[in-house]
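By convention here, the first residue in the shown sequence is residue 1. Values below: every heavy atom of this structure, side chains too, minus hydrogens, waters and symmetry copies. Because the structure is a prediction, the values reported are computed rather than measured. Every number for a ligand or one of its atoms is a count from 1 in the order of the listing.
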Amino acid sequence: MRLKDKVAVITGAGQGIGRAYAQRFAREGAHIVVAEINEEIGRRTEQEVKQLGVDALYVKTDVGNEASTKEMAAKAAEHFGRIDILMNNAAIFFGMDREDQSLDYFNRILSVNLTGVWLCTRAVEPYMKRQRKGKIVNQSSTAAYMGNVGMVDTSDPDKPSPPFHYSVAKMGVNGFTKYFAGALGPWGINVNAICPGVTMTEATKSVVPPEMVDMLVMFTALKKPLQPEDLAGTAVFLASPDSDLMTGQVLVVDGGMIMLG
Ligand SMILES: NC(=O)c1ccc[n+]([C@@H]2O[C@H](COP(=O)([O-])OP(=O)(O)OC[C@H]3O[C@@H](n4cnc5c(N)ncnc54)[C@H](O)[C@@H]3O)[C@@H](O)[C@H]2O)c1
């Protein structure tokens, strides 16, 4: 077990990739704080995790609301006595509107998908600093590298540009990762990020048309769409002592489409 008795806060752990992280972290011996806005699915993950033999605590959390993130961290610390790991996984993705380019919607996406990462980091920071140890893993996306290339329709000048709010938020997550790695490193806190490629969650099915999924998979070296469980090993690595001397890094896990370095 690589995370035995560590306390891991996982945001958005009610479904999809966050749920897979919670289950895998529990199998690695971690106790889980399910920080999820949707109570029904959050409680489901809490029960599933308990059945794996570790402790779990559901805390209703809106990562885009500062008071809610502070309350979440306080409840986690009160229940478990410490916070070792923060997985900043929550985002507005399921049912995301790819057509809405209003300023309100742009701000809403950013408030959860980008500002939420900062607020949760800031909420757990005091506990990790007192421990002089902590692991923060931010969930980014290969969308941060795509830049809408090839998706522009030039037949109609009145048509809006392709959607960008999700990608821009994830670029910001990569930026936060580097900034916080520098700011928190002297306290013994590592901050890294994972950029998954297209992963077959219910959210993906609700947002990405099947033909686009096929096209994205076609451009990968391994020719396989990812399942949520395929990301969990990288998350465990970044949360475990195996990555103790690694910080400020963004790891792409996408079957081999974006090849950095
Ligand atoms: N599925 C993919 O292909 C893919 C690819 C790259 C990155 N990602 C990223 O991985 C993460 C999970 O993706 P997923 O496919 O499991 O998405 P999902 O929409 O199924 O899961 C997101 C979870 O976050 C929760 N959530 C939403 N807003 C919240 C808020 N304000 N506060 C707390 N919880 C909130 C949702 O209820 C849900 O349980 C997201 O950050 C997403 O951007 C997904």
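Considering Asp84, Thr121, Leu86, Ile85 in turn, Leu86 is the only one that fulfils the side-chain contact (heavy atoms from CB on, under 4.5 Å) rule with Met128.
Under 4.0 angstrom from ligand 1, the non-hydrogen atoms of Thr201 all belong to its side chain. Residue contacts with ligand 1, taken as heavy atom pairs separated by less than 4.0 Å, involve Ser140 solely via the backbone atoms N, CA, C and O. Contacts with ligand 1 closer than 4.0 Å are made by heavy atoms of both the backbone and the side chain of Ile17. With a 4.0 Å heavy-atom cut-off, ligand 1 is reached by the side chain of Thr204 but not by its N, CA, C or O. Contacts of Met200 with ligand 1, taken as heavy-atom pairs under 4.0 Å, are absent altogether. Contacts with ligand 1 closer than 4.0 Å are made by backbone heavy atoms (N, CA, C, O) of Thr61 only, the side chain lying farther away.
Looking at Lys75 and Glu78, no side-chain N of the basic residue comes within less than 4.0 Å of a carboxylate O on the acidic one, giving no salt bridge.
The ligand atoms of ligand 1 that sit less than 4.0 angstrom from a heavy atom of Phe94 are 19 (O).
Using a distance-only test at 3.5 Å, with no hydrogens or angles considered, no donor-acceptor pair links the side chain of Asn107 to the main chain of Asp104. Within the 3.5 Å criterion, the main-chain N or O of Cys195 finds no donor-acceptor partner in the side chain of Ser141.
With sequence neighbours excluded, the residues satisfying side chain to side chain donor-acceptor pair (under 3.5 Å) with Thr177 are Asn138.
Between Pro196, Pro225, Ala20, Pro228, it is Pro196 that holds the heavy atom closest to atom 6 (C) of ligand 1. Among Ala91, Ala90, Gly95, the residue whose heavy atom lies closest to atom 27 (C) of ligand 1 is Ala91.
Taking the six-membered ring where the residue is Trp, Phe93 and Tyr166 present parallel rings, their angle staying beneath 30° rather than reaching 60°.
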